[in-house]
Amino acid sequence: MIPSEFDYVKAGSVQEAIGLLQQHGDDAKVLAGGHSLIPLLKLRLASPAVLVDISGIGDLRGIKSGGDKVTIGALTTHNDLEQSAELKGSFPILSEAATLIGDPMVRNRGTFGGSLAHADPAGDWPAVALALGAQMHITGSGGERTVAADDFFIDILTSDVQPGELLTSIDLPMPSGKVGMSYQKFSHPASGYAVVGVAAMVTLDGSGNCSSARVAVTGAGAKAVRLTSVEEALVGKSLTEENVAAAAGTAGEGIDYLGDIYASEEYRAHLVKVFAKRAVLAAAGNVK
Amino acid sequence: MKVDGNVTMSGPQQVVYDTLSDPDALRQCLPGCEKFDEVSPGRYETVLKAGVAGIKGTFIGTVTLSDAKSPESYTLTVEGSFSGGFVKGVGNISLAPDGGGAKTKVTYVGDGQVGGPLASVGQRLMAPAARMVVNQFFRCMDGQLKSRQETGAQVG
Amino acid sequence: MATHPISLTINGKGQQSSVESRRLLVHYLRDELGLTGTHIGCETSQCGACTIMLNGSAVKSCTLFAVQADGAEIMTIEGLAKDGEMHPIQEGFWEEHGLQCGFCTPGMIMSTYDLLQKNPNPDEHEIRHALHGNLCRCTGYQHIVKSIQYAANKMQGATVAD
């Protein structure tokens with residue numbers, strides 16, 4: 001399989017990359033790890049005239065903890081997140097979710113930012129980013145802007161990153177208090193993509209009841225979304241199996257479910273409830 | 001692959017029907033339409049450049065409007081090639097008055113088959129992509145309806 | 001046709017070439033350099049037969065353009081044996097019947113190389129997790145796991161002996 005012809009430019013800095021993206025407009029695509037883009041190029045489902053390779057921009061890879069947040073560079077690989085000792089304490093969900101992405105070779109190349117900007121409806125990171133309340137830093141010719149995860153995913157394969165812009169880093173607000181988090185995924189056995197994946201973060205108050213919850217699902221519809229009805233049903237409750245099951249039973253309102261040859265809409269709707277329950281219970285089980 | 005749903009459109013049933021089956025409106029609202037030429041009554045040779053985000057392809061084939069029962073329903077058949085594969089789809093579009101007759105509820109039930117590379121690897125992305133394209137189409141058609149009624153232009 | 005000069009190290013040897021932008025790394029290795037030990041199986045990033053080491057990590061060379069490897073250090077299956085002596089991983093696959101048809105074997109071995117450099121003493125679960133991206137359709141994974149355990153033992157023994 002050989003892609004259509006294109007030209008390749010390696011950008012040395014964010015500014016250079018943005019200049020190139022603006023110069024080529026719709027004809028250009030950003031190349032980072034390439035593990036979503038290159039398969040599409042090989043099938044000629046995408047045929048951009050120019051690839052702007054940002055993988056050499058050193059500032060964009062790495063994990064920095066500072067005060068009330070952790071900042072993850074867009075080029076940080078899934079494997080970096082899987083292995084990071086620094087994140088195991090504050091954000092164990094990142095390693096838990098990373099381990100479930102693709103396979104080791106994919107995790108060595110694929111990037112956190114690329115996966116978020118690509119907004120695959122079955123990608124794992126969008127659900128995790130929503131549950132953690134991530135803030136996306138996007139740079140364009142006019143400077144930087146910040147977008148909350150809640151507003152970042154627009155539709156299938158469409159995020160808020162506009163042509164000529166680059167997602168540069170992602171902030172995760174440091175959880176405070178007694179917090180637990182988990183990502184539970186029903187993987188497609190061949191592709192590894194999420195048939196349904198649910199990420200949950202719960203905070204407990206002094207008496208052990210849930211004081212806040214963020215729960216998000218991927219794989220169910222055209223984009224990852226928060227399960228707000230589940231979140232609301234959890235607040236104020238003790239996270240017993242019974243209470244969590246009742247809350248998870250409300251999952252799925254407002255989702256326009258995907259159905260395909262592997263999993264029908266009804267099946268996905270069922271899985272969302274099952275995995276919402278599992279994710280919240282697992283999160284409740286690792287509160288610290 | 002099934003794509004179905006319904007949408008409420010601005011305008012009385014006959015006006016909506018006439019717009020939805022009007023070649024000029026179709027030419028403007030079919031995504032990335034580069035060619036839409038009538039080759040026999042109700043049959044159009046079509047070239048569309050369509051896609052979602054970076055995944056774009058060219059559809060080359062025919063669009064046929066048949067079983068026209070104005071202003072209630074018609075059948076839309078799409079057949080051709082897309083990005084190295086084949087596409088075949090049949091959609092039934094039915095209309096019913098809504099909002100006391102000032103608006104029209106359009107219900108569509110479509111079934112499509114796709115073969116080739118898109119089908120083998122893009123399978124999981126096709127249904128949501130098709131839905132997005134269909135939504136764009138009806139939004140555009142609704143825009144056409146509004147502007148035609150505002151300018152008082154003749155339809156059909 | 002856009003071509004780009006690239007300069008990289010392959011199995012310890014410097015290499016300069018001019019490649020078309022769209023040239024896949026696996027095609028460059030096989031067709032231009034004759035390193036046909038790296039196999040092409042599915043070509044859709046699933047099977048892992050094309051696995052190589054790039055800057056110290058296992059990657060699928062069918063999902064990388066040669067131009068992206070400019071400046072990189074690459075090791076292919078051909079780079080493992082030294083002075084006609086099989087690498088312990090190769091020896092493990094030989095001793096423990098880790099292959100039948102051998103098609104997936106170069107990829108299996110390169111993934112194992114990546115695993116054992118990061119985790120010299122993996123348990124069975126860790127081995128199977130590390131092989132997630134390598135498909136074998138004839139031998140079955142049982143013997144492959146045993147081959148890797150053999151290699152891990154041998155390589156640790158060698159380290160101790162040093």
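First the proteins, then the strands, lettered A, B, ... as listed; each starts at 1. These numbers were taken from a predicted model, which means no experiment stands behind them.
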**chain A-proximal positions within residues 91-123 of chain C [heavy-atom distance under 4.5 Å]** = C/Ser111, C/Asp114, C/Lys118
**Prompt:** Are any of the side-chain nitrogens in A/Glu82 or A/Arg107 under 4.0 Å away from the carboxylate oxygens of its partner?
**Reply:** yes
**Prompt:** Would you call C/Asp70-A/Lys10 a salt bridge at under 4.0 Å N-O?
**Reply:**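 No.
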Let me know if [X] has heavy atoms under 4.5 Å from chain A in its side chain, its backbone, both or neither.
X: C/His27; value: side chain
X: C/Ser57; value: both
X: C/Leu135; value: neither
X: C/Cys42; value: backbone

**Fill in**
Partner of C/Leu35 under side-chain contact (heavy atoms from CB on, under 4.5 Å), picked from C/Ile52, C/Ile10, C/Ile74, is C/Ile10
**Message:** So for atom CD, which belongs to C/Glu32, do other residues, nucleotides or ligands contribute more than 12 heavy atoms lying within a distance under 6.0 Å?
**Reply:**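 Yes, CD of C/Glu32 has more than 12 neighbouring heavy atoms, counting only those of other groups under 6.0 Å.
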**Message:** For the residue pair C/Thr63 / C/Ser45, report whether a side-chain donor-acceptor contact shorter than 3.5 Å exists.
**Reply:**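 Indeed, the side chains of C/Ser45 and C/Thr63 share at least one donor-acceptor pair under 3.5 Å.
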**Prompt:** Strictly by modelled atom types, are C/Asn11 and C/Thr76 linked by a side-chain donor-acceptor pair under 3.5 Å?
**Reply:** yes
**Request:** Specify whether A/Trp125 and A/Phe112 have parallel, tilted or perpendicular ring planes, treating 30° as the upper limit for parallel and 60° as the lower limit for perpendicular.
**Result:** perpendicular
**Asked** So which of C/Glu43, C/His132, C/Arg23 has the biggest tally of heavy-atom pairs under 4.5 Å with chain A?
**Response**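 Looking at each option in turn, the highest pair count goes to C/Glu43.
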**Item:** Near-ring test A/Tyr262/A/Tyr193, centroid separation under 6.0 angstrom
**Value:**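 No: the rings miss the under 6.0 Å criterion.
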**Prompt:** Any idea which of A/Leu31, A/Asp53, A/Asn79, A/Leu41 has the most non-hydrogen atom pairs under 4.5 angstrom with chain C?
**Reply:** A/Leu31
**Request:** Name the option with the most non-hydrogen atom pairs under 4.5 Å to chain C; the candidates are A/Val106, A/Thr99, A/Leu37.
**Result:**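 It is A/Thr99.
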**Message:** Which heavy atom of A/Val52 sits nearest to which heavy atom of A/Ala28, and what is that distance?
**Reply:**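 In terms of heavy atoms, the two residues are closest at CG2-CB, 4.5 Å.
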